[in-house]
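Worksheet: the structure to be examined is printed underneath.
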Amino acid sequence: MEVIRTVDGLRDRVRAARNAGRSIGLVPTMGALHAGHISLIQRARRENDVVVVSVFVNPTQFNNPDDLRTYPRTEDADCAKLREAGVDVAFIPTVEEVYPEPDTRQFDLGAVAEVMEGAMRPGHFNGVAQVVSKLFAMTEPDRAYFGEKDFQQIAVIRRMVELEGFDINIVACPICREDDGLALSSRNVRLTDEQRAIAPAIHRTLASSVDWAVGHSLEETKRYVIDTVNSFPHMEVEYFEIADPLTMQPLTEWSKGTEAVGCITVYCGDVRLIDNIKYPAR
């Protein structure tokens, strides 16, 4: 595995691969890698000749300075996992390398970025669009891989790709979970033992709500999820919305023949956890 820390070095490496007729898969990450990231890499490995993984904690997508400060950074361990996973290129730049000048671009991401995470974290999705568009321009991949735990983010990135005219296939990959159902996240390491024992209740509640929804209205289902999660110690729901999976706009009633996605954010202590569940079409 080659570790590259400069934009010029990355561009030279992918240009050589492209000139040799090799396909390129990109897995953007912020490091603190876990099995969920590795599953994305494995998918990219199966579908591309060259796999590039970026490891970069992007400051422009954090609207909370404390969250940026406490975000785990584990470069040595990350590199060991990347080598074991068969990654060809690890791109690990500094902030100054990615942003030699402040990125003042404002993306017209539309309604898909205005709800849920967009409403709770002003500027977050614009920061995501900034860094992902830069990575796409640097790497020019055939495919880019993202986990469905960040369901709304995938919709936002697809909108950005449309705006910028990138010819890239955005590949959404299923959520990876611990054996007890907790969605894998780099933030999970910040949970205390007691919080870690309680956190799987988020997924259990979402999963049970799929059956609950069969005999209840959408609003009743939302209230069931919120009240159930909030009944656990240390847990407080920031939001739970049942939305259209393409537009991410909140729904007010079940629509016959249409799938829906339930997106939740929960504070477990001071750790912000996200998850989602799909409600099948009826």
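Just so it is clear, the structure is predicted and the values come from calculations on it, not from any experiment.
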In terms of heavy-atom contacts, P59 and V95 come closest through CG-CG1, 4.0 Å
Common cluster, I226/V229, ILVMFWY with side-chain heavy-atom separation under 4.5 Å: yes
- prompt: Would a 4.5 Å heavy-atom cut-off, applied to side chains only, mark E259 and K278 as touching?
  reply: yes
Using a 6.0 Å cut-off, check whether atom CD of E220 has over 12 heavy atoms from anything other than its own residue. yes
(Q) Counting only heavy atoms not in E2 (residues, nucleotides, ligands), do more than 12 fall under 6.0 Å from its CD? (A) yes
- Task: Would you kindly confirm whether L184 and I274 end up in one hydrophobic cluster when ILVMFWY residues are joined by side chain heavy atoms under 4.5 Å apart?
- Result: no
Note: S208 and T205 closest approach over all heavy atoms is OG-O, 2.9 Å
Exercise. Salt bridge check: are E162 and R159 linked by an N-O gap of less than 4.0 Å?
Worked result: yes
Residue set satisfying side-chain hydrogen bond (donor to acceptor under 3.5 Å, both in side chains) with Q152, at least two apart, ordered chain then number -> none
Side-chain donor-acceptor distances from residues 129-140 under 3.5 Å, at least two apart:
| residue | atom | partner | partner atom | Å |
| --- | --- | --- | --- | --- |
| Q130 | OE1 | T60 | OG1 | 3.1 |
| Q130 | NE2 | D103 | O | 3.0 |
| Q130 | NE2 | R105 | O | 3.1 |
| S133 | OG | R105 | NH1 | 3.0 |
| S133 | OG | R105 | NH2 | 3.1 |
| S133 | OG | A129 | O | 2.7 |
| S133 | OG | Q130 | O | 2.8 |
| K134 | NZ | V98 | O | 3.1 |
| T139 | OG1 | L135 | O | 2.9 |

**Report entry** Ion pair R15/D12, N-O distance below 4.0 Å
**Finding:** yes
- Query: Under 4.5 Å between any side-chain heavy atoms of E148 and I154, yes or no?
  - Reply: yes
With clusters defined by side-chain heavy atoms of hydrophobic residues (ILVMFWY) lying less than 4.5 Å apart, directly or transitively, does V115 cluster with F151? yes
- Item | Beyond-backbone contact of V128 with N58, side-chain heavy atoms, under 4.5 angstrom | no
Solution key, residues 32-46 side-chain donor-acceptor pairs under 3.5 Å, sequence neighbours excluded:
| residue | atom | partner | partner atom | Å |
| --- | --- | --- | --- | --- |
| H34 | ND1 | G36 | N | 3.0 |
| H37 | ND1 | H34 | N | 3.0 |
| S39 | OG | G36 | O | 2.6 |
| R43 | NE | E47 | OE2 | 2.5 |
| R45 | NH1 | G86 | O | 2.7 |
| R45 | NH1 | D88 | OD2 | 2.8 |
| R45 | NH2 | D49 | O | 2.7 |
| R45 | NH2 | D88 | OD2 | 3.2 |

Those residues at least two apart in sequence (or on a different chain) that pass ring pair (Phe, Tyr, Trp, His ring centres under 6.0 Å) with Y279 are W254
With a 4.5 Å cut-off on side-chain heavy atoms, are P141 and V52 touching? no
Closest heavy-atom pair, L246 versus D244, reported as atoms and distance to 0.1 Å, is N-OD1, 2.8 Å
ask   = Is D142 close to R18 at the side-chain level, that is, under 4.5 Å between some pair of heavy atoms?
value = yes
In short, P250 meets E241 closest at the heavy-atom pair CB-OE1, 3.5 Å
Return all side-chain donor-acceptor pairs below 3.5 angstrom for residues 166-178, not counting sequence neighbours, or 'none' if the list is empty.
| residue | atom | partner | partner atom | Å |
| --- | --- | --- | --- | --- |
| R177 | NH1 | G181 | O | 3.0 |
| R177 | NH1 | H203 | ND1 | 3.2 |
| R177 | NH1 | D275 | OD1 | 3.4 |
| R177 | NH1 | D275 | OD2 | 2.9 |
| R177 | NH2 | H203 | ND1 | 3.4 |
| R177 | NH2 | D275 | OD1 | 2.9 |

| message | Can you confirm whether Q195 sits close enough to M235 that some side-chain heavy atom of one is under 4.5 Å from a side-chain heavy atom of the other? | response | no
Query raised in the report: Between H234 and E194, is any side-chain donor less than 3.5 angstrom from a side-chain acceptor?
Result: yes
Closest non-hydrogen contact found for F125 with A113 is CD1-O, 3.8 Å
For S54 and T29, the nearest pair of non-hydrogen atoms, with its separation, is O-OG1, 2.8 Å
Here the ring pair (Phe, Tyr, Trp, His ring centres under 6.0 Å) pairs for residues 71-114, sequence neighbours left out, are F62-Y71
- Salt bridge D270-R187, side-chain N to carboxylate O under 4.0 Å: no
* Should D66 and R69 count as an ion pair when the cut-off is N to O under 4.0 Å? -> yes
> Side-chain heavy atoms under 4.5 angstrom apart, residues restricted to Ile, Leu, Val, Met, Phe, Trp, Tyr: same cluster for Y145 and V156?
Replying inline: no
- Task: May I ask you to say whether E117 pairs ionically with R272, meaning some side-chain N is under 4.0 Å from a carboxylate O?
- Result: yes
Given the rule that I, L, V, M, F, W and Y join up when any side-chain heavy atoms are under 4.5 Å apart, are F146 and I277 in one cluster? no
Margin query: With heavy-atom distances below 4.5 Å as the criterion, would you say the side chains of I24 and N48 are in contact?
Written below: no
| Do side-chain atoms of E97 reach the backbone of V7 as a donor and acceptor pair under 3.5 angstrom? | yes
* Does some side-chain heavy atom of I92 sit less than 4.5 Å from a side-chain heavy atom of E75? -> yes
